[in-house]
Every structure is written in structure tokens, then in C-alpha cells.
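Model, not experiment: these values are computed from the prediction. Chain identifiers are assigned alphabetically (A, B, ...) following the order of the sequence lines, protein sequences preceding nucleic acid strands; residue numbering begins at 1 within each chain.
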Amino acid sequence: MPDIMSETSTRRYWLMKSEPDVFSFSDLLKAPKKTTHWEGVRNYQARNFMRDLFQAGDGVLFYHSNAEPPGVAGVAEVVRAGYPDPDAFNPKSPYYDEAAHAKKVNPWIMVDVKAVKAFKTFVTREMLSAEPKLKEMMVLKKGSRLSVQPVTEAEFLAVTKLGS
DNA sequence: GCCAACGTTGGC
DNA sequence: GCCAACGTTGGC
């Protein structure tokens with residue numbers, strides 16, 4: 001009998017930020033298999049989430065940052081757990097990590113993410129802020145710059161509801 | 001374009 | 001190990 005309460009089988013929820021000018025949710029919908037490598041995360045806390053906790057099947061809120069307006073465009077899903085990000089060793093990549101390359105130790109991790117569905121209504125930051133259930137949501141806290149954030153199931157459901 | 005908040009770097 | 005300086009993020 002599978003232990004559905006075990007840590008490894010619990011579905012988790014995440015919010016992942018992307019600047020739509022660089023890569024938007026519609027870009028993800030248009031991508032082959034609606035899937036992309038989420039490369040270029042260069043923050044240790046975000047890296048640790050992807051390396052230690054991301055699992056295929058986890059839910060993702062696709063957040064447009066540095067956008068007008070900012071907000072959640074749709075839902076995606078983790079289809080591959082953390083594995084090394086080759087861009088770290090690629091001098092041509094904007095995400096090249098020269099110091100890591102010199103040491104020949106790649107500390108950076110990426111995951112694969114697949115679009116599930118675009119929201120009927122784009123959930124603006126203003127809408128998120130107006131929802132009492134999202135009072136504690138990390139992305140709404142002032143100065144919250146982390147590009148990969150954990151989201152509770154209740155928050156995930158509340159955001160999904162706002163979008164549908 | 002401004003600037004507050006944050007993470008990282010490096011001098012000491 | 002402290003912390004000032006710096007670069008970046010991202011809402012506004």
C-alpha cells in the first residue's frame with residue numbers, strides 16, 4: 001500500500017516568476033510539448049527548493065514579474081525534478097557562471113515545467129492582494145524577490161479560483 | 001525612471 | 001565574522 005503521507009509522494013505547490021518580455025506563459029503554451037527547461041535560477045534558496053523538493057506532478061503558478069500588470073497568468077506543472085543546469089558552464093549563455101565553470105563544479109539546478117492551462121482571467125497582483133486567503137502569500141510581501149517560492153495548497157486553490 | 005529591499009562580495 | 005558597498009529585482 002503506498003504511503004500517501006510520505007514526504008516523497010506529497011504534491012507541492014510553487015510560484016515561479018518570469019518576465020513576460022523574456023518568457024511568458026503564452027510562450028510556454030507555444031513551446032514543444034508545452035514544456036520548457038527552467039534554466040538560469042542563480043539564487044541558492046530557489047536552487048535548494050528545486051534540488052530538494054521539486055517533484056514531477058507539483059503544481060506551479062506562473063507569475064509574470066516586471067510586467068504591466070504583474071500577476072499569475074496560468075497553471076503549470078513540474079514534469080521533471082531538479083537536475084544540473086548546463087547553462088552554468090556555457091560561456092554563450094546569459095546565465096553563465098564563470099567561477100563555477102573554472103572550479104568544474106556546477107552548483108546550479110533546473111527543472112522542466114509544462115503548461116497546464118491559461119487562466120480565463122489573468123490574476124493581477126491587485127486581485128491577489130484583495131483576496132483575504134492570500135494575506136500571507138510570499139509573493140505579496142514587500143521586497144519578496146525570490147524567483148521560486150513555495151505556495152500552500154490553500155493559496156494555490158484560491159489563486160486558481162480567481163483565475164477560472 | 002525611481003528606489004526600497006535584498007543577496008553577494010570583499011576588505012578588514 | 002562583521003558589515004559597507006555594490007548589483008539586481010521588481011513594484012510602483
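Between the side chain of Asp87(A) and the backbone N or O of Asn90(A), no donor-acceptor pair lies under 3.5 Å. At distances below 3.5 Å, not a single donor-acceptor pair connects side-chain atoms of Asp112(A) with backbone N or O atoms of Ala81(A). Lys17(A) places a side-chain N or O within 3.5 Å of a backbone atom of Leu146(A) that can act as its donor or acceptor partner. Between the side chain of Glu131(A) and the backbone N or O of Leu128(A), no donor-acceptor pair lies under 3.5 Å. In this structure, the side chain of Arg125(A) engages the main chain of Val139(A) through a donor-acceptor pair within 3.5 Å.
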Please list, for nucleotides 3-5 of chain C, all pairs of protein and nucleotide N/O atoms separated by less than 3.5 Å.
none

What are the atom names and distances for every N/O pair under 3.5 Å that joins the protein to nucleotides 7-11 of chain B?
none

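For residues 69-95 of chain A, the pairs satisfying ring-ring contact (aromatic ring centres under 6.0 Å, His included) are Phe89(A)-His101(A), with sequence neighbours left out. Pairs engaging residues 120-164 of chain A under the ring-ring contact (aromatic ring centres under 6.0 Å, His included) rule: Tyr13(A)-Phe156(A), His64(A)-Phe122(A) [sequence neighbours left out].
Contact check of residues 90-106 of chain A against DNA chain B (heavy atom, cut-off under 4.0 Å) returns no residues at all. Remark: Tyr63(A), Ser65(A), Asn66(A) in residues 59-68 of chain A come within less than 4.0 Å of DNA chain C through at least one heavy atom.
By the side chain to side chain donor-acceptor pair (under 3.5 Å) test, Gln149(A) pairs with Ser144(A), sequence neighbours left out. In terms of the salt bridge (Lys or Arg N to Asp or Glu O under 4.0 Å) criterion, Arg80(A) has no residue partners (sequence neighbours excluded). When the ring-ring contact (aromatic ring centres under 6.0 Å, His included) test is applied to Trp14(A), the partners found at least two apart in sequence or on another chain are Phe49(A), Phe54(A). Residues forming a salt bridge (Lys or Arg N to Asp or Glu O under 4.0 Å) with Lys141(A) (at least two apart in sequence, or on another chain): Glu136(A).
In plain terms, the two heavy atoms of Ala158(A) and Leu134(A) that are nearest each other are CB-CD2, 3.9 Å.
Among His37(A), Met16(A), Lys34(A), the single residue meeting the side chain to side chain contact (heavy atoms under 4.5 Å, CB included) criterion with Val113(A) is Met16(A).
Arg125(A) places its CZ atom 10 Å from the C1' atom of dC12(C), with the value rounded to the nearest Å.
Rounded to 10 degrees, the angle separating the terminal axes of the helix from dG1(B)-dC12(C) to dC12(B)-dG1(C) is 10°, with each axis obtained from five end pairs.
Grouped with Tyr44(A) in one hydrophobic cluster are Trp108(A), the linkage being side-chain heavy-atom contacts under 4.5 Å among Ile, Leu, Val, Met, Phe, Trp and Tyr residues.
Once rounded to the nearest 0.5 Å, the distance linking CD of Glu19(A) with CG of Asn66(A) reads 4.0 Å.
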